[in-house]
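Read the structure below first, then the notes.
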Amino acid sequence: MKVLAIDTSNQAMSIAVLDDEKVIGEITTNIKRNHSERLMPAIDELMKDVQWQSSELNRIVVAKGPGSYTGLRIGVTVAKTLAWTLGVELVGISSLKILAGNCESSPHYLVPLFDARRKNIYTGLYQWQNGKLIQIEEDKHISAEQWAEYLSKKEGTFELIGEDQSIFKDTFERYLMNRVYEAPLKDHLPKASVLGLLGLKEEPVDAHTFTPDYLKLAEAEENWRKEHPDQLEEAYVEKI
């Protein structure tokens, strides 16, 4: 199976192509530039480098969130368009699971996280068991302090993953003390090769109805909902 994997869910942009479990090529950058300008040229460059035609692809795998609203929309829109146009399978994988997938040899519970502002984080809890990445807790939007306190009641050791972990490390150390570890620097960036490998094992979804997992509404949308509760109720009544 020939796979194209795409992750633009945060600042880093990563794309990869795989032939079954063999990584053929990968491009990862971590710069503050618009993914909408760079994603398609990067895909085109990678496909040319590995001498693949788009018609050879069998599956598109995309990071489905959480993460940057704009970044997620760009990646998911491109993935859906390619899947529909080429008539190939589409698979979505949690952006947090991709980070956890970097740490295959870790003996700890894996705590991938992204900064969600105002002392909140997007996070989850994963663990490698017998060569398989298992989701222990659902991905969530939560305050870093609440999550650290919750984890402190659980036995075991914990490994923080993601570039934003340094922002919240002190909070986790306060609750978990010597039971919290920091993943190696090489594992803090998402890798589309890991995304592609994870996507090989998942069932495809419908390209038309697939949407990102934001976990939290954008602030502008939250404010609009608070100011227009009557319109929300009318929409709900029309829907049922």
Side-chain angles (χ1 to χ4, degrees), residues 7-14 28-32 63-72 93-192 194-195 198 212-223 225-226:
D7 187 346
T8 60
S9 58
N10 286 281
Q11 177 174 294
M13 183 188 78
S14 187
T28 299
T29 57
N30 188 26
I31 55 178
K32 291 184 178 180
K64 65 178 183 178
S68 157
Y69 294 101
T70 302
L72 283 172
I93 299 291
S94 162
S95 306
L96 293 163
K97 187 174 184 177
I98 299 166
L99 285 181
N102 287 344
C103 303
E104 191 170 1
S105 61
S106 175
H108 312 295
Y109 284 110
L110 301 172
V111 186
L113 61 85
F114 304 129
D115 183 13
R117 301 180 181 179
R118 298 180 181 177
K119 299 182 179 180
N120 296 317
I121 55 175
Y122 297 115
T123 189
L125 191 65
Y126 295 81
Q127 187 179 49
W128 282 97
Q129 298 178 7
N130 300 317
K132 186 176 182 180
L133 185 57
I134 305 298
Q135 185 171 28
I136 306 299
E137 296 275 353
E138 293 294 320
D139 294 349
K140 53 181 60 61
H141 173 268
I142 190 173
S143 79
E145 188 153 358
Q146 283 180 302
W147 186 231
E149 182 180 12
Y150 175 81
L151 294 180
S152 70
K153 300 172 184 176
K154 189 177 183 67
E155 293 184 1
T157 53
F158 303 85
E159 186 168 349
L160 305 179
I161 317 164
E163 283 201 303
D164 296 334
Q165 61 82 29
S166 59
I167 302 172
F168 304 99
K169 187 178 179 183
D170 289 346
T171 299
F172 284 93
E173 288 180 339
R174 188 164 68 251
Y175 283 94
L176 295 166
M177 295 179 284
N178 62 349
R179 294 196 296 134
V180 64
Y181 299 85
E182 179 182 347
L185 287 176
K186 65 180 181 62
D187 294 331
H188 289 316
L189 279 183
K191 301 179 181 71
V194 172
L195 167 61
L198 292 172
D213 287 343
Y214 297 114
L215 294 188
K216 179 183 180 296
L217 295 174
E219 185 174 354
E221 187 170 350
E222 284 187 336
N223 292 337
R225 286 172 174 250
K226 289 177 183 177

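Taking 4.5 Å as the limit, some side-chain heavy atom of Phe114 sits within range of a side-chain heavy atom of Leu99. Using a 4.5 Å cut-off on side-chain heavy atoms (C-beta onward), Thr171 and Trp147 make no contact. Ile121 has its side chain out of reach of Asp164: every pair of non-hydrogen atoms, C-beta onward, lies at least 4.5 Å apart. At least one side-chain heavy atom of Lys216 sits less than 4.5 Å from a side-chain heavy atom of Tyr69. Counting heavy atoms from C-beta outward, Pro66 and His141 have side chains that stay 4.5 Å or more apart. Between Leu125 and Leu110, the closest side-chain pair of non-hydrogen atoms is not below 4.5 Å. Tyr122 is not listed as a side-chain neighbour of Ser9, based on a closest heavy-atom distance of 4.5 Å or more. Residues Lys64 and Leu72 form no side-chain contact, since every pair of their non-hydrogen atoms from C-beta on lies 4.5 Å or further apart.
Across Lys140 and Glu138, no two heavy atoms sit closer than the pair NZ-O, 2.6 Å. When all heavy atoms of Phe172 and Ala148 are compared, the pair lying nearest together is CD2-CB, 3.7 Å. Gly71 and Ser68 get closest at one heavy-atom pair: N-OG, 3.0 Å. Here the closest non-hydrogen pair linking Phe168 and Ala144 is CD2-CB, 3.5 Å. Here the closest heavy-atom approach between residue Ser94 and residue Tyr126 is recorded as OG-OH, 3.5 Å. Here the shortest heavy-atom pairing between His188 and Ala183 reads NE2-O, 3.1 Å.
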### Query
Given Asp7 and Ile98, is the side-chain contact (heavy atoms from CB on, under 4.5 Å) satisfied, shown in steps?
CA-CA 9 Å; Asp7 187 346; Ile98 299 166; 3.5 Å; yes
### Message
Quick one, Ile134 with Lys132, criterion side-chain contact (heavy atoms from CB on, under 4.5 Å). Give me CA distance, side-chain angles, the key distance, then yes/no.
### Response
CA-CA 6 Å; Ile134 305 298; Lys132 186 176 182 180; 3.9 Å; yes
### Message
Quick one, Glu163 with Asn10, criterion side-chain hydrogen bond (donor to acceptor under 3.5 Å, both in side chains). Give me CA distance, side-chain angles, the key distance, then yes/no.
### Response
CA-CA 10 Å; Glu163 283 201 303; Asn10 286 281; over 6 Å; no
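Rounding to the nearest 0.5 Å gives a distance of 10.0 Å between CD of Glu159 and CG of Asn102. Taking CD from Glu173 and CG from Asp170, the interatomic distance works out to 6.0 Å, rounded to the nearest 0.5 Å. For the atom pair OG1 of Thr123 and CG of Leu215, the computed distance is 10.5 Å after rounding to the nearest 0.5 Å. In this structure, CG on Leu96 lies 13.0 Å from CD on Glu137, to the nearest 0.5 angstrom. Taking CD of Gln11 as the reference point, atom OG1 of Thr29 lies at 9.0 Å (rounded to 0.5 Å). Distance CD1/Ile93 to CG/Leu198: 5.5 Å, rounded to 0.5 Å.
Between Tyr181 and His108, the ring-plane angle classifies as parallel under the 30° and 60° cut-offs.
Checking side-chain atoms of Thr28 against main-chain N and O of Ser14 turns up no donor-acceptor pair under 3.5 Å. Formation of a donor-acceptor pair under 3.5 Å by the Thr8 side chain with backbone atoms of Met13 is not found in this model. For Arg179 (side chain) and Phe158 (main-chain N/O), no donor-acceptor pair under 3.5 Å exists by modelled atom type.
Within a 6.0 Å sphere centred on CG of Leu185, heavy atoms belonging to other residues, nucleotides or ligands number 12 at most.
In summary, of the residues considered (Leu160, Ile136, Ile161, Leu176), a side-chain contact (heavy atoms from CB on, under 4.5 Å) with Val111 occurs for Leu160 alone.
A search for salt bridge (charged side-chain N to carboxylate O under 4.0 Å, His left out) contacts involving Glu182 returns Lys169, not counting sequence neighbours.
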